[in-house]
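For reference, the structure discussed in these notes is given below.
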There are 2 protein chains.
Amino acid sequence: MRLPIGVRPARPKEYLFVKMPNSIQRMTRQRRILLDVLDRKNWHPTAEEVYHIVRKQAPRISLGTVYRNLDILSRQGTITKIEEAGTQRRYDGNPTPHYHLKCLDCGEVWDVPDEAVTWQRPLDVAIPGFTITGHRLLFEGYCARCMEERQ
Amino acid sequence: MRLPIGVRPARPKEYLFVKMPNSIQRMTRQRRILLDVLDRKNWHPTAEEVYHIVRKQAPRISLGTVYRNLDILSRQGTITKIEEAGTQRRYDGNPTPHYHLKCLDCGEVWDVPDEAVTWQRPLDVAIPGFTITGHRLLFEGYCARCMEERQ
DNA sequence: CCCTTATATGATACACAGTGACAGGAAAGA
DNA sequence: TCTTTCCTGTCACTGTGTATCATATAAGGG
């Protein structure tokens, strides 16, 4: 579990020019379960998947509440939102920056271990007139299972 | 203009395990206009934006036709589909691999000139059990105009 | 421990981006 | 010009996520 019951999470860290969201004020039952469910390694569920799992513990939770909390938590920096236009968003309980790997066949997403990526300096970019605050890197390919199935 | 009228573009290049799309068979008026409109440097319109511009030359074109063609052309390799930047997909008339830059404030997307990116080894990744076919890299930050407006 | 109050929830309707189906239209080769 | 079959426009529809609002409840104070 990420946060002890009743403990307010840290306020959103200030970030250059980023409009800061409402942060968490209350640790509700639903929110606690949701955080607990998201706290697994190398798991990148869609909102729908989170919803189905959370319902085992909170059968009357609404999908809206799941979306609302996933949004709040990701904007607040507690979880990561993986956005790709045209597809379903995925969420990642791990808030520290890291890269992802996506199977082009089944759509599943995995973490890329830092040591698997080789570049000597962690990537330097300079574009005149632009203030760069970060980058997102997604690797694409085919997972072992999908490779097998297609042979 | 990318393709002379009446010239069929190259058939889709075969690619490991990728289901190949229907490729272009006919150079229709609508398709010609669309390709013409997309052929601008450093422009990354949404389907909606393309639609509005194409309609100046083909007022009765449907949004469905725009989507259909953007999809066919990108799968065929004539244009690039940008999925990682925001909620709406964007399209890029430039089919050669390159990176993009997105303003987190206005949502606009630009090309990153290759020489602006510095990494000593050209990015190497090895993940057991995974066949990597490519990667997508998106830089995020704030453009000059948005920086100014917020000061 | 109960009361108060603002935040969070559940229900529902809605918005948006993109897709599917299909009859009619028009490219391209004969 | 004719024929074939791919493509278009129309329109209904789906899936993902958002807005609204009455009700419920967490958290701090008395």
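Naming convention: chains lettered A, B, ... in sequence-line order (proteins, then strands); numbering from 1 in each chain. For the numbers below, each heavy atom of this structure counts, side chains included, while hydrogens, waters and symmetry mates do not.
B:Arg136 meets the salt bridge (charged side-chain N to carboxylate O under 4.0 Å, His left out) test with A:Glu84, A:Glu140, B:Glu84; sequence neighbours excluded. Residues satisfying the side-chain hydrogen bond (donor to acceptor under 3.5 Å, both in side chains) test with A:Arg29, not counting sequence neighbours, are none. For B:Glu48, there are no salt bridge (charged side-chain N to carboxylate O under 4.0 Å, His left out) partners, not counting sequence neighbours. A:Tyr51 meets the side-chain hydrogen bond (donor to acceptor under 3.5 Å, both in side chains) test with A:Arg55; sequence neighbours excluded. Residues passing the side-chain hydrogen bond (donor to acceptor under 3.5 Å, both in side chains) test with A:Ser62, sequence neighbours excluded: A:Thr65. Residues passing the salt bridge (charged side-chain N to carboxylate O under 4.0 Å, His left out) test with A:Asp71, sequence neighbours excluded: A:Arg75, A:Lys81.
For the helix from C:dC1-D:dG30 to C:dA30-D:dT1, the terminal axes (five pairs an end, C1' atoms, rotation from four pairs onto the next four) enclose an angle of 40°, given to 10 degrees.
Side-chain N/O atoms of B:Arg26 and base N/O atoms of D:dC6 include a donor-acceptor pair closer than 3.5 Å.
In this structure, the CD1 atom of A:Ile72 is 16 Å from the P atom of D:dA26, given to the nearest Å. A:Arg55 places its CZ atom 13 Å from the C1' atom of C:dG10, with the value rounded to the nearest Å. Computed from coordinates, the A:His52 NE2 to D:dG15 C1' distance equals 13 Å when rounded to whole Å. Rounded to whole angstrom, the span from the CZ atom of A:Arg29 across to the P atom of D:dT25 amounts to 10 Å. Atom-to-atom, CD1 of B:Ile33 to C1' of C:dA27 comes out at 15 Å; the value is rounded to the nearest Å. The CG atom of B:Asn69 sits 13 Å away from the P atom of C:dA27 (whole-angstrom rounding). If you take CZ of B:Arg32 and C1' of C:dA28, they are 14 Å apart, rounded to a whole angstrom.
When all heavy atoms of A:Leu38 and A:Pro45 are compared, the pair lying nearest together is CD2-CG, 4.0 Å.
Between A:Thr28 and C:dT9, a side-chain N or O to OP1/OP2 separation shorter than 4.0 Å is present. Taking only side-chain nitrogens and oxygens, B:Gln30 never comes nearer than 4.0 Å to OP1 or OP2 of C:dA27. Within the structure, a side-chain polar atom (N or O) of B:Arg31 is placed less than 4.0 Å from OP1 or OP2 of D:dC7.
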Going by atom type alone, with no hydrogens or angles, which donor-acceptor pairs under 3.5 Å involve a side-chain atom of residues 106-113 of chain A and a protein atom two or more places apart or on another chain?
| from | atom 1 | to | atom 2 | distance (Å) |
| --- | --- | --- | --- | --- |
| A:Asp111 | OD1 | A:His44 | NE2 | 2.7 |
| A:Asp111 | OD1 | A:His98 | NE2 | 2.9 |
| A:Asp111 | OD1 | A:His100 | NE2 | 3.3 |

Per-nucleotide protein contact string for nucleotides 11-22 of chain C, where B marks a base within reach and S marks sugar-phosphate only (heavy atoms under 4.0 Å, - for neither): B-----SSB---
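Of the residues listed (A:Arg90, A:Arg89, A:Gln88), the one engaging A:Glu83 in a side-chain hydrogen bond (donor to acceptor under 3.5 Å, both in side chains) is A:Arg89, and it is the only one.
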